[in-house]
There are 2 protein chains.
Amino acid sequence: MKDQTVELLKEYGINPTSQRVRIYDYLASGQGHPTVDEIYAVLQRDGHLFSRATVYNTVNLFLEKGLIHNVKVEANETRYDITSAFHAHFKCTSCGALFDIEMEEPLMADTAGFRVDRTSLVFSGQCPVCQAKAAEV
Amino acid sequence: MKDQTVELLKEYGINPTSQRVRIYDYLASGQGHPTVDEIYAVLQRDGHLFSRATVYNTVNLFLEKGLIHNVKVEANETRYDITSAFHAHFKCTSCGALFDIEMEEPLMADTAGFRVDRTSLVFSGQCPVCQAKAAEV
DNA sequence: TTTGTTATTAGAATTATTCCAATAACATAA
DNA sequence: TTATGTTATTGGAATAATTCTAATAACAAA
């Protein structure tokens, strides 16, 4: 187990079990924005056999502790993202790919007593590749 | 059936059946941001008996034609919104309420070849009422 | 009327997620 | 060490949102 991850989880008040460390490491390895199913499948494939329920428990725990975020674009498609500086997302409606977009966090115009804890900004449309493909035809 | 709605649906290339007109009218009546289930329940209650599948078909058609938008915050909670000028949403994580927030549409910093068709901006945190409640205790 | 197209319907199927009860892992106390 | 308590994991059942499917209904055109 990665000591670095163990320490990080502890910092966030999370008991660093082997499953949790593995799930975190996978999220941190930068494989895009996996769904629970993708996380489960990869860890299964790599012989770390455990339950789908554990993946749900773990990502929910990470979310709660603010270690990761999620992005919902399609119904039935919740993807997870390790926390870092704010960034927006771009979802291509043709190929389904999800991109990170570096930009400043938009602030709520008139907060009027609302306390904003989190900002989710998702653009959708067509990515350059799909536009090129569409133009070819 | 509302002639006005019939005309509007035609403009968007949608065959204005009675179910579709009723669903649109309900969305336009400004009852917050209903889920499919809420739309279904209300129309059932009012004696317009029809199928849940029709509600799904219809909102998906409206979405496709750009007549409405959807907002996803929680998993298993897709809410619908009639299209109008851009506005952000605020989701209260305590009481679950969803608010419209009038503000300017944030633009993607460096579009870099991406074609943006839609922007979804959702703030989340605590609404004034829930903050007041939390402070009382 | 006949034919073809489109819309609606009920219910089955699928899928994501949560729940639950049993077990395992681990730490602490005696 | 053993006993005890707490927390985590597990597989499978349960739930809920959504889509699919095949039959029928509605409607328009020929």
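Letters A, B, ... are given to chains in the order of the sequence lines, protein chains preceding strands, and every chain is numbered from 1.
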Using a cut-off of less than 4.0 Å, is there contact between a side-chain N or O of [X] and OP1 or OP2 of [N]?
| X | N | result |
| --- | --- | --- |
| Q19(A) | dT10(D) | yes |
| T17(B) | dT8(C) | yes |
| T35(A) | dA16(C) | no |

Using whole Å, report how far [atom1] of [X] lies from [atom2] of [N].
| X | N | atom1 | atom2 | value |
| --- | --- | --- | --- | --- |
| E64(A) | dT7(D) | CD | C1' | 14 Å |
| E38(B) | dT18(D) | CD | P | 11 Å |
| Q44(B) | dT9(C) | CD | C1' | 12 Å |
| L63(A) | dT17(C) | CG | P | 11 Å |
| R22(B) | dA7(C) | CZ | P | 17 Å |
| I39(B) | dA17(D) | CD1 | C1' | 14 Å |
| K72(B) | dA17(D) | NZ | P | 14 Å |
| N60(A) | dA16(C) | CG | C1' | 12 Å |

Is a donor on one side and an acceptor on the other found under 3.5 Å between the side chain of [X] and the backbone of [Y]?
| X | Y | answer |
| --- | --- | --- |
| T58(B) | T54(B) | yes |
| R115(B) | C127(A) | no |
| T35(A) | R79(A) | no |

Handout entry: Trace of the ring pair (Phe, Tyr, Trp, His ring centres under 6.0 Å) decision for F114(B) with F90(A)
Key = CA-CA 8 Å; F114(B) 289 92; F90(A) 181 94; 4.5 Å; yes
Handout entry: D46(B) and R22(B) ion-paired at < 4.0 Å
Key = no
Handout entry: Reference residue S94(B); test side-chain hydrogen bond (donor to acceptor under 3.5 Å, both in side chains); the match among Q131(B), K133(B), Q126(B)
Key =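 Between S94(B) and the candidates, side-chain hydrogen bond (donor to acceptor under 3.5 Å, both in side chains) is satisfied uniquely by Q126(B).
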Exercise for the section: I would like to know whether E77(A) and K91(A) meet side chain to side chain contact (heavy atoms under 4.5 Å, CB included); could you show each step before the answer? Expected result: CA-CA 12 Å; E77(A) 187 183 298; K91(A) 167 84 179 185; 2.9 Å; yes
Practice task
Please tell me which of Y40(B) and N15(B) maps to the more 5' nucleotide of DNA chain C, matching each residue to the nucleotide holding its nearest heavy atom.
Solution key: N15(B)
Exercise for the section: Give, ordered by number, those residues of residues 52-59 of chain A having at least one heavy-atom distance below 4.0 Å to an atom of DNA chain D; if nothing qualifies, reply none. Expected result: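 Correct list: A53(A), T54(A), N57(A).
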